[in-house]
Amino acid sequence: MYYLLPHKLRWLFLLASSYYFYAASEPYLIILLLISTLVDYYCGLKIGNVDPRRKRYYLWLSIVVNVGILVAFKYLFFFIDSTNSILEYFGVEISSSEQVQSYRIDQILLPVGISFYTFQTMSYTIEVYRGNMRPEKHLGRFALFVAFFPQLVAGPIEKATRLLPQLKKTISPDISQIKRGMIIMAWGFFLKIVVADRLGIYVDAVYADPDGHQGLPTLLAAFFFVFQIYFDFAAYTYIAIGAAKTMGISLINNFNRPLFSINITQFWQRWHISLTQWIRDYLYSPLRRKAHLNRLVSVLLVFFIMGLWHGANWTFVVWGLLNALFLIIEVATNKWRKNIFDRLHIPSKLRSIMGWAISFTLMMLSLIFFRSASIQEAIHFIGNLFVVPNLHINVLNNYLELFLSILLIVGVQWVHFVKGNNRIYELVEGRPIWARWSMYLAYIAIIVMLGINRQESFIYFQF
């Protein structure tokens, strides 16, 4: 349909498809998407046409509306409950009617992808304010930029300067790009259905009964969750990038082999790249330049916000602050560690291996807070890691599944090591036709035989 329609009608077809896609979860939540779209479209036009001294008012209007939507539907009662808990700790009793408690916004379905599309549309007004682009006058194309269905609900978060021009250009069918897009999507389905969901069964079993699986099973569950969340999130990114590529649109590569990082700094340069770039460009840099905050305070504040962005729970805040602490210590001790390694004549390869092991361990420990329902549960889970080792790792009473899970992790990581996160199509391209079709049939067989029917949504849909 996309390629059959003339260029001037494609934006309308994609916009209708995008709104239908979003409405499939909860139709009335389209209202929030419309509010963000109309407010930022209006603010962008005003910023581009008013007196330079007044344009900041429209920038703040955009920020207040979008952040206000986030707070109202994601954080309002989290803040209220946290405040009540603090007051009750100091002996101040808070009473509220049962009627009020029975009707809470956070008990309504959380708008899918709200953290993603509010950040994306805010980036547009910021870029217009900075003079990096002209305001988009075509409301339909701007609405498509906000709601483009492949990356609407879980990213990657695209900048207007990168995506809007692509939505305007005339695109002719390119069979090679369509093939690449479909191969990338297929890899995403494989990561989700065969690998991530399989790992999730073991992780869920241990987290559901941490006291019954102390020691080695707890460690293995923490280890599996690192790969579960990576493969799950990367799977959606692959599907989004692949779907867009079939229509001739290029989305940002959101991952760059993050679990091969040899330090925390490198990890955050390779993980959820679109979010870290957004945070760097629109939060960290202004804090350093405009607010004149020192590096330590800026890093702590940025990771506090990044943790809170992931969910209305103090576990995400702790996860963010732990990563800030790891990063600060790493940077502060960089010269000291280099001097010690030089004096001990430790080879660079061994340094890299040690750096990877330490970084992976720290990331694994921090993700326990990310996965846990409460801080107390996370601390209890970590405590179980150090209980007298329980060697019974076969929690699911199926050694074949356990072996298969480990084999799949090794296999996927090998593919990512060789091809990166952005050249998966090279696994198929350039091979003889018999080899290609053998791979396609083998892929279908693997999906049918090894696919896990958990009917689980992507983890990042909750954010």
Side-chain angles (χ1 to χ4, degrees), residues 1-7 9-11 13-18 20-21 144-145 147-156 158 162-197 230-257 273-274 408 411-451 458:
M1 284 292 293
Y2 174 75
Y3 285 115
L4 287 174
L5 288 170
H7 169 70
L9 293 179
R10 286 180 184 174
W11 70 267
F13 172 69
L14 286 182
L15 183 61
S17 301
S18 298
Y20 172 79
F21 178 80
L144 177 58
F145 157 72
F148 186 50
F149 73 88
Q151 43 87 229
L152 170 61
V153 294
E158 286 289 345
R162 191 175 186 276
L163 182 56
L164 260 173
Q166 294 189 74
L167 299 176
K168 297 178 183 179
K169 68 180 182 181
T170 303
I171 298 171
S172 300
D174 185 333
I175 297 300
S176 65
Q177 290 302 305
I178 293 172
K179 281 184 179 180
R180 285 185 176 185
M182 295 178 72
I183 291 168
I184 293 169
M185 290 178 74
W187 182 251
F189 290 129
F190 169 78
L191 285 187
K192 173 62 176 173
I193 298 169
V194 177
V195 191
D197 283 354
Y230 170 42
F231 294 154
D232 190 284
F233 192 15
Y236 185 88
T237 300
Y238 279 120
I239 295 169
I241 291 174
K245 188 175 286 291
T246 63
M247 295 177 283
I249 295 169
S250 174
L251 300 181
I252 186 174
N253 183 32
N254 216 18
F255 296 93
N256 181 20
R257 294 179 282 200
I273 295 170
S274 63
L408 286 168
V412 171
Q413 283 297 86
W414 178 81
V415 170
H416 283 171
F417 180 78
V418 174
K419 297 299 181 183
N421 288 84
N422 60 339
R423 303 195 321 277
I424 298 299
Y425 51 82
E426 291 181 358
L427 292 169
V428 180
E429 276 189 354
R431 298 182 184 275
I433 189 169
W434 65 266
R436 293 201 308 272
W437 279 96
S438 296
M439 294 175 72
Y440 298 151
L441 294 173
Y443 171 83
I444 294 170
I446 289 171
I447 291 292
V448 171
M449 293 188 297
L450 300 181
F458 291 90

**Prompt:** Should Glu429 and Lys179 count as an ion pair when the cut-off is N to O under 4.0 Å?
**Reply:** no
**Request:** Taking the six-membered ring for Trp and the single ring otherwise, decide whether the centroids of Tyr230 and Phe255 are under 6.0 Å apart.
**Result:**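 Under 6.0 Å, so yes.
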**Request:** Assert yes or no for the condition that the ring centre distance of Trp437 to Tyr440 is strictly below 6.0 Å.
**Result:** yes
Is the shortest side-chain heavy-atom distance between [X] and [Y] below 4.5 Å?
| X | Y | result |
| --- | --- | --- |
| Trp11 | Leu167 | no |
| Phe458 | Val153 | no |
| Val418 | Leu427 | no |

Closest approach of [X] to [Y] (non-hydrogen atoms, all atoms of both residues):
| X | Y | answer |
| --- | --- | --- |
| Arg162 | Leu251 | NH1-C, 3.3 Å |
| Leu152 | Ser18 | CD2-O, 4.3 Å |
| Tyr2 | Arg10 | O-NE, 2.8 Å |
| Ile178 | Thr246 | CG1-O, 3.5 Å |
| Ile252 | Glu158 | N-OE2, 2.5 Å |
| Val428 | Ile183 | CB-CD1, 3.8 Å |

To the nearest 0.5 angstrom, please state how far the [atom1] atom of [X] sits from the [atom2] atom of [Y].
| X | Y | atom1 | atom2 | value |
| --- | --- | --- | --- | --- |
| Leu14 | Leu144 | CG | CG | 5.5 Å |
| Ile444 | Ile447 | CD1 | CD1 | 9.5 Å |
| Arg431 | Arg436 | CZ | CZ | 10.5 Å |
| Ile241 | Asn422 | CD1 | CG | 8.5 Å |
| Leu408 | Gln413 | CG | CD | 12.0 Å |
| Ile249 | Gln166 | CD1 | CD | 6.5 Å |

**Item:** Partner residues of Arg257 under the salt bridge (Lys or Arg N to Asp or Glu O under 4.0 Å) criterion, sequence neighbours left out
**Value:**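 For Arg257, no residue satisfies salt bridge (Lys or Arg N to Asp or Glu O under 4.0 Å) once neighbours in sequence are set aside.
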Assess whether atom [atom1] of [X] is packed by more than 12 heavy atoms of other residues, nucleotides or ligands within 6.0 Å.
| X | atom1 | answer |
| --- | --- | --- |
| Phe13 | CZ | yes |
| Lys419 | NZ | yes |
| Met182 | CE | no |

**Asked** Between the side chain of Gln151 and the main-chain N/O of Pro156, is any donor-acceptor distance below 3.5 Å?
**Response** yes
Name the atoms and distances for all side-chain donor-acceptor pairs under 3.5 Å in residues 231-239, with sequence neighbours left out.
residue, atom, partner, partner atom, Å
Asp232, OD1, Ile459, N, 2.8
Asp232, OD2, Lys192, NZ, 2.7
Tyr236, OH, Pro150, O, 2.9
Thr237, OG1, Phe233, O, 3.2
Tyr238, OH, His416, NE2, 3.0
Tyr238, OH, Asn421, O, 3.4
Tyr238, OH, Asn421, ND2, 3.2

**Complete:** Contacts of Tyr3 meeting ring pair (Phe, Tyr, Trp, His ring centres under 6.0 Å) (sequence neighbours excluded), chain-then-number -> none
